[in-house]
There are 2 protein chains.
Amino acid sequence: MDSSHPTENDPAEQPAGTASCFPATSPELDALVREIIARVADKWTMLVLEILEEHGVVRFTRLGKMVHGISQKMLTKTLRQMESDGLVLRTIHPVIPPHVEYALTGLGHSLSAAFCGVWIWAETHQEEIFAARRRFQNRS
Amino acid sequence: MDSSHPTENDPAEQPAGTASCFPATSPELDALVREIIARVADKWTMLVLEILEEHGVVRFTRLGKMVHGISQKMLTKTLRQMESDGLVLRTIHPVIPPHVEYALTGLGHSLSAAFCGVWIWAETHQEEIFAARRRFQNRS
DNA sequence: CTGCATCCCAAAGGATACTG
DNA sequence: CAGTATCCTTTGGGATGCAG
């Protein structure tokens with residue numbers, strides 16, 4: 001925002017012409033959107049989202065086995081957070097032993113769909129990424 | 001918002017009928033894709049990505065001011081990681097004082113585009129999310 | 001101006017034990 | 001089976017100081 005030094009004026013300050021899809025409407029909305037993304041782009045949240053998208057209704061213990069490496073503690077925490085955000089529906093069957101089922105809500109499915117682009121990007125460009133890493137590592 | 005999605009009480013294990021875009025080809029590829037997403041979905045990475053997408057070529061200190069709340073340490077770390085992943089290009093002008101510019105690579109721009117869907121999703125559904133949180137908080 | 005190194009605190013997260 | 005509670009290790013990340 002400070003343009004008090006004319007000698008440092010870069011002509012390359014333009015938005016490169018690409019599709020800038022970022023809302024950037026108001027600072028508050030921007031902050032809200034970021035907060036939502038930060039929660040949702042969490043490692044475990046994404047994995048649980050994928051599993052539920054692919055398998056529909058899944059019980060707690062089975063879900064834990066399908067999400068590789070997650071601890072019971074984090075599974076519970078992640079599911080509670082997703083439930084509070086309206087992404088998953090938690091159904092308790094009051095029987096003994098307890099039977100609790102988890103499934104995506106409509107909102108959860110829509111998020112899953114929105115993330116498709118990122119998954120496809122990662123799959124498409126993985127070679128480039130690893131090549132870049134090798135290049136970066138081998139520079140002296 | 002609440003009546004727009006079908007009931008999720010289908011006990012069947014089939015993929016809910018939605019566009020399951022997840023690759024899920026081989027376990028290894030799946031793990032690689034997840035690793036990439038986990039790195040890229042990092043809080044600071046996303047913010048830096050957005051800033052560079054919107055402003056093109058930006059210098060270090062200015063970038064730090066634009067990414068609200070980031071410390072110099074995390075800015076450096078984030079930029080190094082993005083550089084090693086081939087997302088940003090780092091240009092050093094050997095003058096005194098030092099002059100270092102950062103800009104997105106083609107890969108970086110493509111990632112930015114891929115994230116569009118998530119940004120739009122967050123903006124579109126923020127009301128639903130906050131409503132769900134309120135509902136969850138006031139549960140008996 | 002850029003950025004590395006250090007110290008230090010807070011948060012994330014795993015392991016284990018216990019409960020309805 | 002589906003959690004909760006506790007302990008403890010690891011990591012994230014801010015603050016400061018210094019160097020090129």
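Every chain is numbered from 1, with letters handed out A, B, ... down the list of sequences. Only this structure's heavy atoms are used, side chains among them; waters, hydrogens and symmetry mates stay out.
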Worksheet item: Should we count NE2 of A:His68 as having more than 12 external heavy atoms under 6.0 Å?
Response: no
Looking only at side-chain N and O atoms, does [X] come under 4.0 Å of OP1 or OP2 in [N]?
X        : N     : value
A:Arg80  : D:dG3 : yes
A:Arg59  : D:dC1 : no
A:Tyr102 : D:dG3 : yes

For the pair made of [atom1] in [X] and [atom2] in [N], what is the distance, rounded to whole Å?
X        : N      : atom1 : atom2 : result
B:His93  : C:dT2  : NE2   : P     : 12 Å
B:Phe60  : C:dT2  : CZ    : C1'   : 6 Å
B:Glu101 : C:dC1  : CD    : P     : 15 Å
B:His68  : D:dG14 : NE2   : P     : 11 Å
B:Leu79  : C:dG3  : CG    : C1'   : 11 Å

Worksheet item: Do any N or O atoms from the side chain of A:Thr124 and from the backbone of A:Ile120 form a donor-acceptor pair under 3.5 angstrom?
Response: yes
Worksheet item: Are the side chain of B:Ser112 and the backbone of B:Glu53 linked by a donor-acceptor contact shorter than 3.5 Å?
Response: no
Fill in: For B:Thr78, all residues meeting side-chain hydrogen bond (donor to acceptor under 3.5 Å, both in side chains), sequence neighbours excluded
none
Discussion item. The criterion is side-chain hydrogen bond (donor to acceptor under 3.5 Å, both in side chains); which residues satisfy it with B:Thr91, sequence neighbours excluded?
Written reply: none
Practice prompt. Return each pair, listed once, that meets salt bridge (charged side-chain N to carboxylate O under 4.0 Å, His left out) where at least one residue sits in residues 83-104 of chain A; pairs must be two or more places apart or across chains.
Written response: A:Arg39-A:Asp85, A:Asp85-B:Arg133
Fill in: Axis bend over the full length of the helix from C:dC1-D:dG20 to C:dG20-D:dC1, computed from five pairs that close each end, to 10 degrees
40°
Practice prompt. Can you check each nucleotide of nucleotides 13-20 of chain C against protein heavy atoms at under 4.0 Å and return B for base, S for sugar-phosphate only, - for none, in 5' to 3' order?
Written response: BBB----B
Discussion item. Under the rule for ring pair (Phe, Tyr, Trp, His ring centres under 6.0 Å), what residues qualify as partners of B:Trp44, not counting sequence neighbours?
Written reply: none
Worksheet item: Among the clusters formed by ILVMFWY side chains lying less than 4.5 Å apart, do B:Ile92 and B:Leu63 turn up in the same one?
Response: yes
Worksheet item: Is the NZ or CZ atom of A:Arg139 both under 6.0 Å from the centre of the six-membered ring of A:Phe136 and within 45° of that ring's axis?
Response: yes
